[in-house]
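One structure below.
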Amino acid sequence: MRLTLSVIKADIGSVGGHTKPSTRMMAAVEGEVAKAICNGLLIDGFVCHTGDDIAIIMTHTRGEGSSEIHQFAWKAFLAATSVAKTSGLYGAGQDLLADAPSGNIRGAGPGVAELSFDHSLSSPRPAESFMVFAADKCGPGAYNLPLYLAFADPMYCAGLMLPPMIRGFRFHVIDMDHTAGDSVIELDAPADNYHIAALLRDNERFGIDRIVSQTHGEVAAAVSAQRLHAIAGKYTGKDDPVAIIRNQGIFPAPEEIVSPFAKAHFVGGDARGSHVMPLMPVPINTPVTGMYCLPIVSCVGFSIDKEGRFSESYTDFFDNPAWDEVRRRAQSKAIEMRSQGWSGAAMLPYSELEYGGFRDTVSALLKRFRLREERKPEAAA
């Protein structure tokens with residue numbers, strides 16, 4: 001069986017500001033997923049939220065980019081948007097940028113990550129396990145550093161020195177400023193590590209699109225890498241990426257994949273998508289209610305049975321006391337950075353500010369600048 005994993009997420013409304021979707025919104029999406037499983041469109045599905053973003057995690061056999069799957073997700077989000085509008089919730093339908101996309105919804109607002117693989121007892125992975133990362137209040141390159149460390153640095157992933165992984169991984173890096181189509185470069189780790197780093201250091205322009213095993217040709221990771229303000233032409237919320245990561249065996253183990261997130265590394269995001277703040281790992285279904293609208297990331301893991309269904313339970317990787325210290329450190333880093341307010345590195349540079357109001361303010365001021373007349377030298381006494 002050729003099985004496809006699809007994760008599609010959107011911010012379509014939240015309670016009391018940009019905090020979390022309502023219970024009724026979640027129920028609306030869950031109801032649509034249940035119907036899609038019953039009618040055979042989906043093999044299985046799971047719904048959760050991170051901050052105010054609802055994510056639908058699906059298995060099916062329609063392949064990547066399937067108009068049927070994408071249209072289903074769009075209609076599910078429309079159902080929840082209707083609930084949000086009726087309830088007077090903040091930002092109802094915020095990420096649904098197109099009126100009615102006719103097929104694939106990549107580029108229409110929702111974040112999309114998908115990958116496919118042969119799922120059978122004779123495949124290189126007879127036992128399939130994977131993780132889904134979902135982030136809120138941050139930019140599309142939020143996974144650049146942790147995924148580089150997990151798939152290219154043996155200091156974080158000792159498994160890279162073992163035969164199944166020692167040939168390394170191929171990184172597909174996308175130029176997110178190129179909106180006419182997907183502009184992608186393929187670079188091999190470890191041979192091209194420095195070139196990969198030279199691109200991934202810029203979280204706002206370059207992002208990991210997918211990662212592929214050089215030994216087996218299997219896709220290890222797929223990431224939603226797009227910029228909503230580049231699509232919409234204005235600030236419509238931060239890009240809030242999702243990622244699917246396969247683990248174990250020919251891929252890094254879960255602990256090697258999540259360990260880099262202990263850095264609580266700085267990313268663009270926070271309030272109005274305009275600040276530089278640490279990324280805090282949190283359990284799934286965590287609302288954004290702390291000070292400074294801190295960028296957050298969740299991680300949920302599944303196994304898949306031979307029919308393509310999820311295991312009867314899931315693993316919430318960041319719902320563990322081991323991450324309490326990381327969360328404390330992330331909050332401490334956030335307080336220190338925000339104490340600098342609007343100055344210097346505490347906010348994104350003018351060229352990257354996604355909230356149009358900041359650009360409007362500065363653009364209006366630039367029109368008031370005038371060239372100063374040269375002063376004539378004073379006559380000697």
Side-chain angles (χ1 to χ4, degrees), residues 3-12 21 26 29-30 32-33 36-37 41-77 80 95-96 104-117 119 128-136 138 140 142-143 146-147 172 174 207-211 219-226 228 238-247 251 254 257-258 282 284-286 296-304 308-311 314-318:
L3 192 67
T4 300
L5 290 173
S6 296
V7 179
I8 303 180
K9 73 88 203 162
D11 175 356
I12 44 178
M26 294 292 289
V29 176
E30 289 166 351
E32 294 298 318
V33 169
I37 295 172
L41 178 64
L42 302 179
I43 298 174
D44 210 344
F46 180 84
V47 180
C48 60
H49 74 84
T50 303
D52 53 9
D53 295 339
I54 299 177
I56 310 174
I57 304 170
M58 301 165 274
T59 58
H60 56 90
T61 57
R62 264 62 175 186
E64 298 171 39
S66 164
S67 60
E68 292 177 282
I69 298 299
H70 284 228
Q71 285 298 305
F72 154 72
W74 186 267
K75 291 174 182 177
F77 290 142
D95 280 359
L96 307 184
N104 187 315
I105 63 174
R106 283 191 79 244
V112 179
E114 298 181 292
L115 57 79
S116 300
F117 52 88
H119 187 52
E128 185 64 45
S129 57
F130 71 96
M131 311 152 83
V132 171
F133 288 91
D136 188 26
C138 61
Y143 303 135
L147 292 188
H172 295 210
I174 188 168
I208 296 170
D209 178 66
R210 60 180 48 210
I211 300 173
V219 178
V223 183
S224 67
Q226 58 183 337
L228 292 185
K238 206 60 182 167
D239 308 284
D240 305 337
V242 290
I244 306 170
I245 315 294
R246 298 166 74 192
N247 62 40
F251 303 126
I257 296 168
V258 299
V282 298
I284 61 170
N285 301 327
T286 294
I296 60 175
V297 61
S298 67
C299 179
V300 61
F302 299 89
S303 290
I304 301 176
R309 293 186 295 264
F310 299 143
S311 50
Y314 60 85
T315 295
D316 190 345
F317 280 97
F318 294 142

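Heavy-atom basis, side chains included; hydrogens, waters and symmetry copies ignored.
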Under 4.5 Å between any side-chain heavy atoms of [X] and [Y], yes or no?
X: Ile211; Y: Val223; answer: no
X: Ile244; Y: Phe130; answer: yes
X: Thr50; Y: Val297; answer: no
X: Leu5; Y: Ile304; answer: yes
X: Asp95; Y: Phe77; answer: no
X: Val242; Y: Asp53; answer: no
X: Val258; Y: Met131; answer: yes
X: Gln71; Y: Ile105; answer: yes

Could you give the distance from [atom1] ([X]) to [atom2] ([Y]), rounded to the nearest 0.5 Å?
X: His49; Y: Ile56; atom1: NE2; atom2: CD1; answer: 14.0 Å
X: His119; Y: Thr61; atom1: NE2; atom2: OG1; answer: 12.0 Å
X: Met58; Y: Ile8; atom1: CE; atom2: CD1; answer: 4.0 Å
X: Lys9; Y: Asp52; atom1: NZ; atom2: CG; answer: 8.5 Å
X: Ser6; Y: Ile69; atom1: OG; atom2: CD1; answer: 6.0 Å
X: Leu115; Y: Thr4; atom1: CG; atom2: OG1; answer: 8.0 Å

Practice task
Show the numbers, then the answer: is there a side-chain contact (heavy atoms from CB on, under 4.5 Å) between Phe302 and Asp44?
Solution key: CA-CA 12 Å; Phe302 299 89; Asp44 210 344; over 6 Å; no
Taking all atoms of both residues into account, what is the closest heavy-atom pair of [X] and [Y], and its distance?
X: Val29; Y: Ala80; result: CG2-CB, 3.7 Å
X: Pro21; Y: Met26; result: CG-SD, 3.8 Å
X: Cys48; Y: Ile284; result: CB-CD1, 4.3 Å
X: Ser224; Y: Pro241; result: OG-CA, 3.4 Å
X: Ile174; Y: Ala225; result: CG2-CB, 3.6 Å
X: Ala222; Y: Ala113; result: O-CB, 3.7 Å

When you measure from the side chain of [X] to the backbone of [Y], do you find a donor-acceptor pair of N or O atoms at a distance under 3.5 Å?
X: Ser303; Y: Ser311; answer: no
X: Glu114; Y: Gly65; answer: yes
X: Arg246; Y: Glu128; answer: no
X: Glu64; Y: Ser116; answer: yes

Handout entry: Full working for side-chain contact (heavy atoms from CB on, under 4.5 Å) between Tyr143 and Ile208
Key = CA-CA 8 Å; Tyr143 303 135; Ile208 296 170; 5.9 Å; no
Problem - Test log, rule side-chain contact (heavy atoms from CB on, under 4.5 Å), inputs Phe251 and Ile245 - result: CA-CA 9 Å; Phe251 303 126; Ile245 315 294; over 6 Å; no
Practice task
Measure up the Phe133 and Phe318 rings against each other and bin them: parallel (under 30°), tilted (30 to 60°), perpendicular (over 60°).
Solution key: tilted
Practice task
Begin from the C-alpha positions of Phe46 and Val132 and carry the test side-chain contact (heavy atoms from CB on, under 4.5 Å) through to its verdict.
Solution key: CA-CA 11 Å; Phe46 180 84; Val132 171; over 6 Å; no
Handout entry: Enclosure of Tyr314 OH (heavy-atom neighbours >12, cutoff 6.0 Å)
Key = no
